[in-house]
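Following: one structure in structure tokens, then a few remarks.
Just so it is clear, the structure is predicted and the values come from calculations on it, not from any experiment.
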Amino acid sequence: MVRQARGVYSLADHEPTRHLDLATVCARAPHATICLLSALGFHELTSQIPRSVWVMIDRTAHRPRMHHPHTRIVRASGDALNAGVEVHRIEGVRVRMTNPAKTVADCFKYRRHVGLDVAIEALRDCLGRRKATPAEIHAMAQVNGVAGVMRPFLEALA
């Protein structure tokens, strides 16, 4: 057995995937949802290589304590936390992750954290690779309260 993180182990002969850090974080914090740059990387919608695992937790939830892998936390509540969430199995761990439309809308909502250039690139890639329709992205933008901010970009790229 090889220790990946506190309380998280894998078999010694197991060849990990590139998403091992996502599984490690979700094994330690099952209430967390993978979002922003980490979700963009999983859905192959960015050229960025995230240095941290980005997670979204409830506004009232306790902050997960982890030293490895490094995590960046954003908070949300209600529909902004639960809408557009998919469940994936990574390394045998149940991983909650935002779908492509929600991920793009989140990038605009948290643009001060990730940068507007990253949000625009994510929107362009999402539409270009047909990971989500403009209507799906607009619906998630309304849930996040950023439909007005996204409208000009969505109209220009759609």
Side-chain angles (χ1 to χ4, degrees), residues 2 4-11 14-58 61 63-77 79-141 143-144 146 150 153-154 157:
V2 176
Q4 299 296 334
R6 182 176 175 217
V8 181
Y9 297 87
S10 66
L11 297 173
H14 175 70
E15 186 66 34
T17 65
R18 66 185 180 112
H19 303 299
L20 177 64
D21 287 347
L22 305 180
T24 302
V25 168
C26 287
R28 296 278 322 275
H31 64 281
T33 302
I34 303 296
C35 64
L36 296 172
L37 295 179
S38 298
L40 287 176
F42 180 83
H43 295 300
E44 299 176 349
L45 293 175
T46 186
S47 60
Q48 304 282 324
I49 298 174
R51 296 178 186 204
S52 304
V53 177
W54 286 82
V55 296
M56 184 183 307
I57 60 173
D58 190 86
R63 182 182 187 90
R65 293 185 188 143
M66 286 180 237
H67 298 290
H68 179 77
H70 185 262
T71 56
R72 299 280 310 261
I73 297 173
V74 293
R75 294 183 179 267
S77 62
D79 285 342
L81 177 65
N82 297 313
V85 174
E86 305 170 336
V87 177
H88 297 274
R89 275 265 175 228
I90 301 173
E91 300 285 336
V93 176
R94 182 180 174 269
V95 175
R96 291 172 40 91
M97 186 175 312
T98 55
N99 66 23
K102 173 75 163 123
T103 302
V104 170
D106 285 346
C107 286
F108 278 89
K109 181 177 181 177
Y110 298 104
R111 63 192 175 277
R112 290 189 180 124
H113 295 283
V114 299
L116 184 59
D117 56 331
V118 172
I120 294 169
E121 177 190 12
L123 177 61
R124 182 180 298 118
D125 288 350
C126 188
L127 292 171
R129 295 181 183 178
R130 299 184 188 273
K131 297 273 186 167
T133 65
E136 292 169 337
I137 295 170
H138 180 71
M140 290 295 112
V143 167
N144 280 351
V146 292
M150 284 187 69
F153 299 105
L154 196 54
L157 295 173

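- The environment of Arg94 atom CZ is sparse: at most 12 non-hydrogen atoms of other residues, nucleotides or ligands sit within 6.0 angstrom.
- Here the CE atom belonging to Met97 is positioned 5.5 Å from the NE2 atom belonging to His43, to the nearest 0.5 angstrom.
- Here CE of Met150 is found 10.0 Å from CD1 of Ile120. Values are rounded to the nearest 0.5 Å.
- Of the candidates Asp106, Ile73, Thr103, Cys35 forms a side chain to side chain contact (heavy atoms under 4.5 Å, CB included) with just one, namely Asp106.
- The distance from the OG1 atom of Thr71 to the CZ atom of Arg63 is 6.5 Å, given to the nearest 0.5 Å.
- Under the ring pair (Phe, Tyr, Trp, His ring centres under 6.0 Å) criterion, Phe153 pairs with Phe108, sequence neighbours left out.
- Pairs of residues two or more places apart, or lying in two chains, that qualify as side chain to side chain donor-acceptor pair (under 3.5 Å) and include a residue from residues 115-124 are Ser47-Glu121.
- Among Cys107, Pro134, Pro100, the one residue that satisfies the side chain to side chain contact (heavy atoms under 4.5 Å, CB included) test with Cys126 is Pro100.
- Note that the NE2 atom of His88 and the SG atom of Cys26 stand 10.5 Å from one another [nearest 0.5 Å].
- Side-chain contact check for Val114 versus Leu40: every heavy-atom pair is 4.5 Å or farther apart.
- Atom CE of residue Met56 and atom CG of residue Leu81 lie 6.5 Å apart, to the nearest 0.5 angstrom.
- Side-chain contact between Asn82 and Arg96: present, with at least one pair of heavy atoms (C-beta onward) separated by less than 4.5 Å.
- Between Ala141 and Ala105, the shortest heavy-atom distance links the atoms N-CB, 3.8 Å.
- Looking at Val95 and Phe42, their side chains never come closer than 4.5 Å, going by heavy atoms from C-beta outward.
- When side chains are defined from C-beta on, Ile34 counts as touching Val55, because their heavy atoms get closer than 4.5 Å.
- There is no side-chain donor-acceptor pair under 3.5 Å between Asn99 and Lys131.
- Distance check, rounded to the nearest 0.5 Å: NE2 of His138 to CG of Leu154 gives 8.0 Å.
- Under a 3.5 Å cut-off, the side chain of Arg75 and the backbone N or O of Ile57 do not form any donor-acceptor pair.
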